[in-house]
Peer 1: 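This is the structure, below, for whatever I ask next.
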Amino acid sequence: MELIYEKSRPGRQGVTLPASDVPRAADLPGNILRSEKAGLPEVSELDVVRHFTNLSRRNFSVDTNFYPLGSCTMKYNAKVLENAAGMFAPFHPMTALLPGGEAHSQGSLAMLHGLAGYLTEITGMAEVTCQPLAGAHGEMTGIMLIAAYHRAKGNRKKYVVVPDSSHGTNPASAAMVGYEIITVPTAPYGDMDIELFKQAMTDEVAAVMMTCPNTLGLFNPHIREIADIAHSHDALMYYDGANLNAIMGKVRPGDVGFDVIHLNLHKTFGTPHGGGGPGSGPVGVKEALVPFLPTPRIVRKDDGRFAVETGNPASIGRTASFFGNFGVMVKAFAYITMLGREGLIQVSEQAVLNANYMMSRLKEYYDLPYDTACMHECVFSASRQLKHGVHAIDVAKYLIDRGYHPPTVYFPLIVKEAIMIEPTETESKETMDAFIQVMIEAAQVAEKDPEALHAAPLTMPVSRLDETKAAREQNVCFGRW
Amino acid sequence: MELIYEKSRPGRQGVTLPASDVPRAADLPGNILRSEKAGLPEVSELDVVRHFTNLSRRNFSVDTNFYPLGSCTMKYNAKVLENAAGMFAPFHPMTALLPGGEAHSQGSLAMLHGLAGYLTEITGMAEVTCQPLAGAHGEMTGIMLIAAYHRAKGNRKKYVVVPDSSHGTNPASAAMVGYEIITVPTAPYGDMDIELFKQAMTDEVAAVMMTCPNTLGLFNPHIREIADIAHSHDALMYYDGANLNAIMGKVRPGDVGFDVIHLNLHKTFGTPHGGGGPGSGPVGVKEALVPFLPTPRIVRKDDGRFAVETGNPASIGRTASFFGNFGVMVKAFAYITMLGREGLIQVSEQAVLNANYMMSRLKEYYDLPYDTACMHECVFSASRQLKHGVHAIDVAKYLIDRGYHPPTVYFPLIVKEAIMIEPTETESKETMDAFIQVMIEAAQVAEKDPEALHAAPLTMPVSRLDETKAAREQNVCFGRW
Amino acid sequence: MSGASYCPNTPEEIGEMLAAIGAGSVEELFSPIPAALRAQSFDLPAGMSEFELTERMKKLAEQNGAGVTNFIGGGFYDHVIPAAIDHLCGRAEFYTAYTPYQPECSQGTLQALFEYQTAICRLTGMEVSNASLYDGGTALAEAAMMALRVTGRNRVVIDSGVNPFHREIVATYLRNLGVEIALLPAHEATTNRPAIASFLDERTAAVIVQNPNFFGSVDDFTDLADEAHVKGALLVASVYPVSLGLVQSPGAMGADIVTGDGQSLGNPLSFGGPTFGFIATTKKYIRNLPGRIIGETVDREGRRGFVLTLQAREQHIKRHKATSNICSNQSLCALRGLIFLASLGKEGFAELARLNYDKAEYAKAVLGKVKGVTVVNRAPTFNEFTLALPQAADAVVARLLDAGMAAGVPLGACYPGMENCLVVTVTEKRSRQEIDRLAAKLEEVLWS
Amino acid sequence: MSGASYCPNTPEEIGEMLAAIGAGSVEELFSPIPAALRAQSFDLPAGMSEFELTERMKKLAEQNGAGVTNFIGGGFYDHVIPAAIDHLCGRAEFYTAYTPYQPECSQGTLQALFEYQTAICRLTGMEVSNASLYDGGTALAEAAMMALRVTGRNRVVIDSGVNPFHREIVATYLRNLGVEIALLPAHEATTNRPAIASFLDERTAAVIVQNPNFFGSVDDFTDLADEAHVKGALLVASVYPVSLGLVQSPGAMGADIVTGDGQSLGNPLSFGGPTFGFIATTKKYIRNLPGRIIGETVDREGRRGFVLTLQAREQHIKRHKATSNICSNQSLCALRGLIFLASLGKEGFAELARLNYDKAEYAKAVLGKVKGVTVVNRAPTFNEFTLALPQAADAVVARLLDAGMAAGVPLGACYPGMENCLVVTVTEKRSRQEIDRLAAKLEEVLWS
Ligand SMILES: Cc1ncc(COP(=O)(O)O)c(C=O)c1O
Ligand SMILES: Cc1ncc(COP(=O)(O)O)c(C=O)c1O
């Protein structure tokens, strides 16, 4: 498809603006005045609509395809949530910060407070801030809180410990806060090697970051022991909530020793992924860390009204321009409100059931490096297929031709040729059965006709793309501006 | 794709309903109680969303493809119009009919009155009713008005005259009102044969129905003469407004002798076609027919408030359950409001320009039975291609493979192998150029490789379908209920 | 700039196009139109931008006021609309396409309408359905005309329990066709069994009834169907589709043609439209159906596909001999109806009907206890019922409207002698609290 | 039923699945979790249906009141949003997809983001852009960290004219990294030229400025860029994108890194988010950019296609050595920005900026004439300006808010000594009448 810039015709006009009802002002001084209009496309509204409608048709998505992208919880995004978020579209965040402005923002503030309350209970923490803008942002915020905690206590900390199965954002977030990273290998039983962990732990460790269930989809039964060890060094336990979908109502991170958590509202709480974002990454903390939470904080006053609290000297400060990804939060709030206690429990139960079913049905055909009951996702390896020269990526591309978005591949890094499948609870058995059938076929084709897999995909607008060329040429902007 | 019924699983549940807050009532008597639940699909919300999203992807549409379907004015449907219509979604039409209810419906009534006012001015008529639900419904309503007029005058009328180029709805609508049809052939110059018309006209003719520009895209310069002849027999002139897009601000049917008109809001006034509807077919009349207009009528009272008038003894009565396709009208009202006088004139000018450009560029490759300046559409014939065994339908199917919705084919019936192209004003020169190029290629392929055209389309979910089998087997409902 | 016209071509392109045409100006293209025929006036306001338009339309909608609590029906009903419907029907491929004349690139619409036809058949208990008509009233008129065609007769009997607006449409349609319409007066808000025999004769093409009828009474028309059939007439039944989640289907009662308004299935009230009309019948009458019909078939490779079928009934082929003049129908509204039915599903739809019934029964009991108020219906009702008030209903309704409640539809205007009567509608959206409030307010209006 | 959980499997299917797994119950699947670790509490309300939820959310939104007329900005702006944006971004293929890891089935998102990057480059006059960051404030913090990386230094100079919230975010980000932040005090609401020389030194990684600055003043930073470059420092400029329709691009002024908040480009105010942050730089720093970058390439048949590129900068490859920890970004908001820019186009976007400028100039003149009120800015302004009132701004703003007008952002809280000052924003949505009304009301509040 042509680029929108290639469709541009000089003088063509799209959306029109209101005519001016004020006099034309004197021009800005020459050095400040833009010398040349920005080279935006000149297209009609129909050009725009047809272009982007047709572009959209070049995507796989949850609403069109089964999308078992592991670690991403690509569940169905209920349409009613979109409508709910739209109700808050016209409200300016600055209003709440004006003198007297809280009165004009009670609905928004009530939502923020209500969501934080829900998440507090779901996770078993003392308080939640909804400011962080995505999971990784939550991680960074959480580690900043931990740093503030140690600073306030005069602790001298240098390291953050992560298992080697951890998501890349974990070490990256800790590094953003100035920590060095200690990586602990995974033991053959699929959890962080407890002995090596003990060796890694010193008083210089600020925090231990864990995902639980971890990125192999396994729940670590020794989590409390790990927490105890960490706490004995006054290291805090950080919980990466990306996989919370597995355990709602079953386990609360706060109950098992975690001090700081982040959640991914765009995973567990049914908000759409937007082709890469926006997400939302609220952070919950135990009592000891509450003083350090970002400002502004939303509080409920004695008269029941909601207020914005800004002057908090111990706070790490502001981590986002206003209150976070508010529209995303509205959807998550509505989701929790709609599902309620029983609904959320059902979500986790069915997510785990679906993943175990997937694992049981496929383990005959693909290697399962950690062959034990999984939680909400399961991680296979294409190492058996590799003997025929077929990689995980080839299986993935074959799935595309069959109408499935591939699972996550090559993550977690500790599994060779990883294929990480997270069906989520919103998919039905027959959708999974059809997918399983195609996965089995892929395994058969891998043996009989590996070339067929190397050639895939053939049904998309493009075949496999030359990533090396892209990285070498760095064509990241069209034409001359 | 599977049918939604084939995706059904016993016990699966979609949207949930509020829990009851009243006691369960005693059951209906057994003979009234439904004996077996209706066999609706049992699917999840994701099933529904994925099913219909994927179904939608099996359509061509204006937003995805150039759609030069002649006589249908497939112009761009501005998105702001959809939003406008949504604003009126919650209002019950019965409210306005309750005692005191007009006060709760002033906005809706103002819109109805305002739209009728706009259309009155655009067409040069005395009053417009917006009740008819589509073009054909407008025609029928218009002919009923004409019948009422003749009845009131004691005229004994039996016939309605239509040119043979007329749309099928014209004679069908007249027949629905009990008239017999006299069809006048088209002369070689593309308009109704004036001599044959004169012969057809007697005092038993109730009305002459004309489309102007006609379905060949030609404007009849003798329209006033025709009207005079009709009027001399006290036959009324009916204007099929399907082609109004050609002449806004240029010609007003009311000015040139038409007594009754209908408009297709879904053509001229930018409301979407909905995969077949809903449309809206307002009817305008000259003063003499005002008393017969359908009830309810929307009137503006002296105090500026709007009211619903129902008791009108001469009225033909009600033609629709309430006020017509209100939501469609809101879009048309918003369209006219947004474009304004100059915008509407520009629409017609550019529609005519685009059609003439299309005609000029293609007439070298396709026969043009009526080779004269056209208005908003042009009608070719594939008779030249027929020599190679290629029909209009084969050209159409080739276009599908190239990403274009075909023009209207085999209409008007008087043109052999008709290909009727209406680009509309919202399409750009380069879109037309690309289409023209493909049309030229089709003509070339017709000569060199007719089989290739017979085989088309090959890129759609299905190839050509067996219409005979469909008509024979009459499978119009899935399975046993 | 202010007004938009969505015309993309630039002056330069316009110049190129004129050159290709060989015309000197755009105006020249209009030269086939003699000066004498040119518009005498075109006095419209100047255009405005999208933003100004939106503000203007908001203001217009606001002139309707804040909205009232609906206890009114009369053919249009205030039901829940699953959020997914707007999202799916907002898919441009559905709403910016037209009639699926070219089936290969219209399988989306075609399959959906085939599924719609199936849903209508299953709801009504009939064998075939078309792909939609305009609305409930015009569908009934089409059914009457269809019965006239099928039987070759020229008289219809119409029950006064049929929605008076729909009756008026039938009358408007039939007026010029020399058809006699006999109005069967209601008996205790139900179809008049004692009188029917004297109304039915060998000239009668159809007996037209409605279930639940305008007073809210639910009936079993099996006997009427039998009597009609004995005389060679058809039974035409107009039904409120939501009731079919609980009430016996007209097919099971022996109806020959079933119609109804689909608004209650996922279409917003929208001040009366767009909605859709449905019509269903038995296989033997399929060629007499008006409007589009979708049929299943196969492509050259034997794959299933869908097409417009039996087009030889339609105006674009048969012209004045067509079964109807209808061309554009209400596809998108029918699609909404289908998605509504699929979203609720077999169980959910039954549950919806049950909720309506239970709430209405509660309301009937509560309102029936208001001093001086009696329930008129002797027969069972579904979610509407008729109350007799101790005074004229018009004034009462007007006062309740001022209190924010559309309490019901007064019957006086359409049913002389029933000036004190009021049809009250209770859907699943009405809460017990709202019902109780209506009762309290009614009592207040009547007695204080 | 009441609450929905969107879990489709029926009890029968659950039974089949458990059988396949070899588990006796769903609970058994949770057996890896020891009892001691089980949730101590899970005290949440019961669920509700979609309809009830919608009613509940409406009520919540209504608690915000009817809304006020916005003369406030401060990073978020009340601009027109073309209707097409919602419709296009409501396409499920866009909003229910995720990061385009699999390019063949994600060309829609990838091409759109490539077009977005191009738009940002063209707006800012820079050579490369990433595919979005979270928001304007975090983008600025990322830019600061990028400058530290590029220069290997550990000090940044930040102009006090930079949005105080954004400065606070920068401070929060840098706090644990041993970086010195020097705050350059403003001079007459503009960047302090006399002081800059003493702030810039060889340890300085970046000078961070904003255009227009928080007081609304527009500046030409060419001299600052030159001075920074002489010292080996980068110039980081945060810009308000709408101003770039009229104001010289930061690229032309010599900026090395440009950031900003994209909310004003087609994203609703939505109480502060989601929005997107943009970041652009020159080719030579591309490998130091944080976040995703889309690159053009070809497929095996030589057809153009787009992929995530230079991923070796990112956390999923580089882990703690990545240029940033960002993973999910704000794609859909960036897409809104792109569609906004494409909808307005080259001329429309310039016209938009001009409208903002003209309206603000008008407002500046009118408000500047209110008794006792003076305009603080000496430099030109775009669509925001600072007023000095004859009394504390807080009370005045509170009173105007009661009158339905958010008159501006009082500066006292962030700029000690400026308690009487107020930043007023005027976008194209504000009418002359609204501006006049604000002036009148301000006069009234001040003097009566
Ligand atoms: C395990 C895990 N942790 C953290 C993240 C980061 O979350 P986000 O993308 O919202 O920044 C992800 C997301 O992919 C994840 O899967
Ligand atoms: C010339 C003409 N007249 C009448 C009609 C009928 O209009 P509608 O489909 O709205 O009933 C059409 C529609 O196709 C038409 O093209």
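The chains referred to below are lettered A, B, ... by the order of the sequence lines, with proteins before strands, and numbering in each begins at 1.
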Peer 1: Select one option (side chain, backbone, both, neither) describing which atoms of C:S132 are under 4.5 Å from chain B's heavy atoms.
Peer 2: neither

Peer 1: Just checking, is any N or O donor in the side chain of B:S321 or C:D135 under 3.5 Å from an acceptor N or O on the other one?
Peer 2: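 Per modelled atom types, B:S321 and C:D135 side chains form a pair under 3.5 Å.
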
Peer 1: With a 4.5 angstrom heavy-atom cut-off, which part of B:A26 approaches chain C: side chain, backbone, both or neither?
Peer 2: backbone

Peer 1: Regarding B:T64 and C:E93, do their side chains bring together a donor and an acceptor under 3.5 Å, going by distance alone?
Peer 2: no

Peer 1: Could you go through the side-chain contact (heavy atoms from CB on, under 4.5 Å) check for B:Y357 and C:E16 one step at a time?
Peer 2: CA-CA 9 Å; B:Y357 179 68; C:E16 288 164 18; over 6 Å; no

Peer 1: Begin with the C-alpha distance, continue with both residues' side-chain angles, and end with the deciding distance and a verdict on salt bridge (Lys or Arg N to Asp or Glu O under 4.0 Å) for B:K429 and C:E13.
Peer 2: CA-CA 7 Å; B:K429 176 172 178 291; C:E13 288 168 315; over 6 Å; no

Peer 1: Is B:M87 close to chain C through its backbone or its side chain, or both, or neither, when contacts mean heavy atoms under 4.5 Å?
Peer 2: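 Contact with chain C involves both backbone and side-chain atoms of B:M87.
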
Peer 1: Side chain, backbone, both or neither: which part of C:T309 has a non-hydrogen atom closer than 4.5 Å to chain B?
Peer 2: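 Side chain of C:T309 only, per the 4.5 Å heavy-atom cut-off to chain B.
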
Peer 1: Answer with side chain, backbone, both or neither: which region of C:L246 has an atom nearer than 4.5 Å to a non-hydrogen atom of chain B?
Peer 2: both

Peer 1: Compute whether any side-chain donor of one residue and acceptor of the other, for C:S5 and B:Q346, lie under 3.5 angstrom apart.
Peer 2: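 B:Q346 and C:S5 do have a side-chain donor-acceptor pair below 3.5 Å.
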
Peer 1: Of the backbone (N, CA, C, O) and the side chain (C-beta and beyond), which part of C:R56 lies under 4.5 Å from a heavy atom of chain B, both, or neither?
Peer 2: side chain

Peer 1: Quick check on C:K321 against chain B: is it the side chain, the backbone, both or neither that has a heavy atom closer than 4.5 Å?
Peer 2: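 The answer is neither part of C:K321.
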
Peer 1: Tell me, side chain or backbone of B:K397 under 4.5 Å from chain C's heavy atoms, or both, or neither?
Peer 2: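 Side chain of B:K397 only, per the 4.5 Å heavy-atom cut-off to chain C.
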
Peer 1: Using non-hydrogen atoms only, which part of B:F52 is less than 4.5 Å away from chain C: side chain, backbone, both, or neither?
Peer 2: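 Contact with chain C involves both backbone and side-chain atoms of B:F52.
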
Peer 1: Where does C:N70 contact chain B at under 4.5 Å (heavy atoms): side chain, backbone, both or neither?
Peer 2: side chain

Peer 1: Looking at side-chain heavy atoms only, is the closest gap between C:Q248 and B:I32 below 4.5 Å?
Peer 2: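 When only atoms from C-beta onward are counted, B:I32 and C:Q248 do not touch, as no gap falls below 4.5 Å.
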
Peer 1: Sort C:A46 into side chain, backbone, both or neither according to what part of it lies under 4.5 angstrom from a heavy atom of chain B.
Peer 2: backbone

Peer 1: Compare every heavy atom of C:E347 with every heavy atom of B:E42, then report the nearest pair and how far apart it is.
Peer 2: OE1-CG, 3.9 Å

Peer 1: With a 4.5 angstrom heavy-atom cut-off, could you sort out which part of C:P45 is near chain B: side chain, backbone, both or neither?
Peer 2: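 Both the backbone and the side chain of C:P45 come within 4.5 Å of chain B.
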
Peer 1: Strictly distance-based, threshold 3.5 Å: is any side-chain N or O of B:D255 a donor or acceptor partner for the main-chain N or O of C:Q40?
Peer 2: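 Yes, B:D255 side chain to C:Q40 backbone: donor-acceptor pair under 3.5 Å.
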
Peer 1: Show the nearest heavy-atom pair for residues B:V256 and C:L37, with the distance to one decimal.
Peer 2: CG1-O, 3.4 Å

Peer 1: Can you tell me which portion of B:L33 sits under 4.5 Å from chain C's heavy atoms? Options are side chain, backbone, both or neither.
Peer 2: both

Peer 1: For C:H316 and B:F411, what are the C-alpha separation, side-chain angles and deciding distance, and is it a ring-ring contact (aromatic ring centres under 6.0 Å, His included)?
Peer 2: CA-CA 9 Å; C:H316 62 286; B:F411 177 76; 9.1 Å; no

Peer 1: Taking the six-membered ring for Trp and the single ring otherwise, decide whether the centroids of B:F219 and C:F30 are under 6.0 Å apart.
Peer 2: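 No, they do not, as the ring centres are separated by 6.0 Å or more.
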
Peer 1: Can you tell which part of B:P457 gets under 4.5 Å to a heavy atom of chain C, answering side chain, backbone, both or neither?
Peer 2: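 For B:P457, side-chain heavy atoms alone lie under 4.5 Å from chain C.
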
Peer 1: Judged by modelled atom types alone, do B:S108 and C:N64 share a side-chain donor-acceptor pair under 3.5 Å?
Peer 2: yes

Peer 1: If I measure from the heavy atoms of chain C, does B:S360 come under 4.5 Å with its side chain, its backbone, both, or neither?
Peer 2: side chain

Peer 1: So which heavy atom on C:L123 is nearest to which on B:A38, and how close?
Peer 2: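 Minimum heavy-atom separation between C:L123 and B:A38: CD2-CB, 3.9 Å.
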
Peer 1: Could you tell me which portion of B:D466 (side chain, backbone, both or neither) has an atom closer than 4.5 angstrom to a non-hydrogen atom of chain C?
Peer 2: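 Both the backbone and the side chain of B:D466 come within 4.5 Å of chain C.
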
Peer 1: Stepwise, does the side-chain contact (heavy atoms from CB on, under 4.5 Å) test hold for B:L98 with C:L401?
Peer 2: CA-CA 9 Å; B:L98 296 181; C:L401 204 49; 4.2 Å; yes

Peer 1: Counting only non-hydrogen atoms closer than 4.5 Å, does B:F60 touch chain C with its backbone (N, CA, C, O), its side chain (CB onward), both, or neither?
Peer 2: both

Peer 1: With a 4.5 angstrom heavy-atom cut-off, is it the side chain or the backbone of B:M375 that approaches chain C, or both, or neither?
Peer 2: side chain

Peer 1: I need the minimum non-hydrogen distance between C:D358 and B:A25, along with the two atoms involved.
Peer 2: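 The answer is OD1-N, 3.0 Å.
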
Peer 1: Let me see the working for B:F478 and C:F114 under ring-ring contact (aromatic ring centres under 6.0 Å, His included), right down to the final yes or no.
Peer 2: CA-CA 8 Å; B:F478 175 69; C:F114 179 83; 7.1 Å; no

Peer 1: Ignoring hydrogens, what is the shortest heavy-atom contact between B:H273 and C:A97? Give both atom names and the distance.
Peer 2: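 So the two residues come closest at CB-O, 3.3 Å.
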
Peer 1: Using non-hydrogen atoms and a 4.5 Å limit, figure out which bit of B:L3 sits close to chain C: side chain, backbone, both or neither.
Peer 2: both

Peer 1: Tell me, for B:E82 versus chain C, whether the close heavy atoms (under 4.5 Å) come from the side chain, the backbone, both or neither.
Peer 2: side chain

Peer 1: I'd like to know if the side chain of B:N475 reaches the main chain of C:E296, judged simply by a donor and an acceptor atom lying under 3.5 Å from each other, with no hydrogens or angles considered.
Peer 2: no

Peer 1: Could you tell me whether the side chains of C:N9 and B:E427 share a donor-acceptor contact shorter than 3.5 Å?
Peer 2: no

Peer 1: Just by distance, do the side chain of C:R432 and the backbone of B:D21 share a donor-acceptor pair under 3.5 Å?
Peer 2: yes

Peer 1: Does any heavy atom of chain B fall under 4.5 Å from the side chain of C:V307, the backbone, both, or neither of them?
Peer 2: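 It is the side chain, since no backbone atom gets that close.
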
Peer 1: C:L355 versus chain B, heavy atoms under 4.5 Å apart: side chain, backbone, both or neither?
Peer 2: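 For C:L355, side-chain heavy atoms alone lie under 4.5 Å from chain B.
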
Peer 1: Tell me, for B:A174 versus chain C, whether the close heavy atoms (under 4.5 Å) come from the side chain, the backbone, both or neither.
Peer 2: neither

Peer 1: Does atom NZ of C:K283 have more than 12 heavy-atom neighbours, drawn from other residues, nucleotides or ligands, at distances under 6.0 Å?
Peer 2: yes

Peer 1: Ignoring hydrogens and angles, state whether a donor on the side chain of C:T297 or B:E467 is under 3.5 Å from an acceptor on the partner side chain.
Peer 2: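 Side chains of C:T297 and B:E467: no pair found under 3.5 Å.
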
Peer 1: Tell me whether the rings of B:F323 and C:F271 are parallel (<30°), tilted (30 to 60°) or perpendicular (>60°).
Peer 2: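 Rings of B:F323 and C:F271: parallel, as their planes differ by under 30°.
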
Peer 1: Please flag which part of B:Y118 lies under 4.5 Å from any non-hydrogen atom of chain C: side chain, backbone, both or neither.
Peer 2: both

Peer 1: Centre of C:Y362's six-membered ring, under 6.0 Å away, within 45 degrees of the axis: is that where NZ or CZ of B:R24 sits?
Peer 2: no

